[in-house]
Protein chains: 2
Amino acid sequence: MVEKDFSEQEHQAALNHLKESIPTNEELESMVNIFKAFGDMTRVKIILALSKTPLSVGEIADTLDMSQSSISHQLSLLRQLNLVTSVRHGRNIHYRLSDQHIITIFGQTKDHIIEDEND
Amino acid sequence: MVEKDFSEQEHQAALNHLKESIPTNEELESMVNIFKAFGDMTRVKIILALSKTPLSVGEIADTLDMSQSSISHQLSLLRQLNLVTSVRHGRNIHYRLSDQHIITIFGQTKDHIIEDEND
DNA sequence: ATGAAATATGAATGAATGCTCATATATTCA
DNA sequence: TGAATATATGAGCATTCATTCATATTTCAT
């Protein structure tokens with residue numbers, strides 16, 4: 001094929017710089033890790049619960065009908081990723097979302113799904 | 001504890017309706033599945049590549065220095081989730097992002113990370 | 001100090017997942 | 001039709017991951 005239409009030329013141009021335009025693993029790692037965190041039903045539910053009000057580990061476990069240990073493990077992961085923060089209040093530890101971006105991302109994703117279902 | 005300050009009252013109120021406010025597994029499943037898809041380095045790179053221009057399987061494999069088979073498997077998954085669409089062009093199959101929401105979500109997530117690093 | 005309550009943590013286990021290899025399917029071209 | 005190219009797919013394997021169980025740590029109340 002010798003002749004190329006306009007969009008084909010654009011494609012070639014994009015293709016030439018494509019390899020360099022892809023960020024490195026290091027650059028992408030934090031993003032991927034956050035998405036990994038969101039890619040689990042339990043963690044999504046924890047985040048949704050925390051979007052309503054700060055909660056102790058036990059309150060989350062009760063709300064989700066799951067074991068204290070399991071919730072604690074997941075919270076530890078979410079804390080490592082700076083998705084939640086914790087403050088001790090007496091014997092309890094209050095967890096809260098560390099920033100509202102998280103809920104925005106969830107909302108955006110919901111939008112994608114809804115738009116998709118309308119096709 | 002008999003007396004509660006205002007925020008404590010709010011907490012109790014939120015706690016009462018919390019269990020019912022958490023969506024069911026079925027309602028959350030598509031969101032979780034999309035995040036699972038985003039939670040893998042290879043798939044994120046595929047999506048970022050496709051955000052520049054539609055690409056064939058081979059072009060993606062070359063760009064990411066990965067096997068044809070691996071990329072094809074991942075594209076199959078992304079297609080099942082309606083994140084990409086494919087059109088055959090001769091012997092090639094052109095993949096493209098199915099909707100621009102995806103990139104918005106990536107951007108929002110990047111924002112979260114950047115905000116986070118500034119603390 | 002001691003016991004009880006809340007949370008954290010390490011090891012073990014079963015399930016999910018990503019890649020590879022071999023092979024199948026589809027399309028073009030001679 | 002038959003060879004070559006592009007893509008898809010199934011099985012196998014190694015790794016990752018979520019939960020559980022047992023136990024450690026921290027704090028409060030007596």
Side-chain angles (χ1 to χ4, degrees), chain A residues 1-2 8 11 15 25 28-30 32-50 54-81 83-96, chain B residues 1-2 8 11 15 25 28-47 49-50 54-81 83-96:
Chain A
M1 187 189 292
V2 179
E8 180 67 12
H11 172 70
L15 196 52
N25 286 3
L28 289 177
E29 220 150 49
S30 19
V32 169
N33 283 335
I34 287 178
F35 284 135
K36 257 185 201 143
F38 293 167
D40 175 80
M41 189 70 74
T42 300
R43 288 189 295 262
V44 165
K45 285 182 180 175
I46 291 174
I47 289 168
L48 289 177
L50 290 177
L55 291 164
S56 72
V57 179
E59 286 170 335
I60 299 175
D62 288 349
T63 302
L64 305 188
D65 282 311
M66 294 190 61
S67 77
Q68 175 271 321
S69 177
S70 172
I71 299 299
S72 180
H73 275 298
Q74 297 296 9
L75 285 170
S76 151
L77 194 154
L78 294 174
R79 207 178 30 202
Q80 279 176 47
L81 294 170
L83 293 171
V84 305
T85 62
S86 63
V87 174
R88 185 177 274 278
H89 268 239
R91 332 188 174 187
N92 297 328
I93 297 179
H94 288 2
Y95 279 85
R96 64 168 64 239
Chain B
M1 188 189 295
V2 179
E8 180 67 14
H11 172 69
L15 196 51
N25 285 3
L28 289 177
E29 220 150 50
S30 18
M31 187 162 75
V32 169
N33 282 335
I34 286 177
F35 284 135
K36 257 186 201 142
F38 293 167
D40 175 82
M41 190 72 73
T42 301
R43 288 189 295 260
V44 165
K45 285 181 179 175
I46 291 175
I47 289 168
L50 290 177
L55 291 165
S56 72
V57 179
E59 286 170 335
I60 299 174
D62 288 349
T63 302
L64 305 187
D65 282 312
M66 295 189 60
S67 76
Q68 175 270 321
S69 177
S70 172
I71 299 299
S72 180
H73 276 296
Q74 297 296 10
L75 285 170
S76 151
L77 195 154
L78 294 174
R79 205 177 32 201
Q80 278 176 46
L81 294 171
L83 294 171
V84 305
T85 61
S86 64
V87 174
R88 185 178 274 279
H89 268 238
R91 329 183 179 192
N92 298 328
I93 296 180
H94 288 2
Y95 280 84
R96 63 168 66 239

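Quick caveat: nothing in here was measured; it's all calculated off a predicted structure.
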How close or far is atom [atom2] of [N] from atom [atom1] of [X], stated in whole angstroms?
X     : N      : atom1 : atom2 : result
B:H94 : C:dT27 : NE2   : C1'   : 14 Å
A:L75 : C:dA6  : CG    : P     : 16 Å
B:K45 : C:dC19 : NZ    : C1'   : 15 Å
A:I71 : C:dT9  : CD1   : P     : 15 Å
B:L64 : C:dG18 : CG    : C1'   : 14 Å
A:Q80 : C:dA8  : CD    : P     : 12 Å
A:N92 : D:dT25 : CG    : C1'   : 15 Å
B:M41 : C:dC19 : CE    : C1'   : 15 Å

Between the protein and nucleotides 27-30 of chain D, are there any N/O to N/O pairs under 3.5 Å, and if so, what are the atom names and distances?
{"from": "D:dC28", "atom 1": "O4'", "to": "A:R91", "atom 2": "NE", "distance (Å)": "3.2"}
{"from": "D:dC28", "atom 1": "O2", "to": "A:R91", "atom 2": "NH2", "distance (Å)": "3.4"}

Nearest-0.5 Å distance that lies between atom CG in B:D40 and atom CG in A:L28: 11.0 Å
Atom pair CG/CD1 of B:L83 and B:I46 - distance to nearest 0.5 Å: 11.0 Å
Could you tabulate the donor-acceptor pairs under 3.5 Å formed by side-chain atoms of residues 67-75 of chain B, not counting sequence neighbours?
{"from": "B:S67", "atom 1": "OG", "to": "B:S70", "atom 2": "N", "distance (Å)": "3.0"}
{"from": "B:Q74", "atom 1": "OE1", "to": "B:R43", "atom 2": "NH1", "distance (Å)": "2.9"}

Residue that, paired with A:R96, satisfies side chain to side chain contact (heavy atoms under 4.5 Å, CB included) out of A:V87, A:V84, A:L50, A:T85: A:T85
Listed partners of B:K36 passing side-chain hydrogen bond (donor to acceptor under 3.5 Å, both in side chains), at least two apart: none
Listing time: all N or O pairs from protein to nucleotides 17-22 of chain D that are below 3.5 Å?
{"from": "D:dA18", "atom 1": "OP1", "to": "A:R43", "atom 2": "NH1", "distance (Å)": "2.9"}
{"from": "D:dA18", "atom 1": "OP1", "to": "A:R43", "atom 2": "NH2", "distance (Å)": "2.5"}
{"from": "D:dA18", "atom 1": "OP2", "to": "A:R43", "atom 2": "NH1", "distance (Å)": "3.2"}
{"from": "D:dT19", "atom 1": "OP1", "to": "A:T42", "atom 2": "OG1", "distance (Å)": "2.6"}
{"from": "D:dT19", "atom 1": "OP2", "to": "A:S70", "atom 2": "OG", "distance (Å)": "3.4"}
{"from": "D:dT19", "atom 1": "OP2", "to": "A:Q74", "atom 2": "NE2", "distance (Å)": "2.6"}
{"from": "D:dT20", "atom 1": "OP2", "to": "A:S67", "atom 2": "OG", "distance (Å)": "3.3"}
{"from": "D:dT20", "atom 1": "O4", "to": "A:H73", "atom 2": "NE2", "distance (Å)": "3.3"}
{"from": "D:dC21", "atom 1": "N4", "to": "A:S69", "atom 2": "OG", "distance (Å)": "2.7"}

Any B:Y95 side-chain N or O less than 4.0 Å from OP1/OP2 of D:dA6: no
Within residues 70-81 of chain B or reaching into it, pairs that qualify as salt bridge (charged side-chain N to carboxylate O under 4.0 Å, His left out) - sequence neighbours excluded: none
Residue pairs involving residues 65-78 of chain A (criterion salt bridge (charged side-chain N to carboxylate O under 4.0 Å, His left out); sequence neighbours excluded): A:D65-B:K19
Residue pair B:R91 / B:R88: nearest heavy atoms and the distance that separates them: O-NH1, 3.6 Å
For A:V44 against A:F38, the heavy-atom pair lying closest together: CG2-O, 3.1 Å
Sugar-phosphate, base or nothing in reach of A:S76, heavy atoms under 4.0 Å: nothing
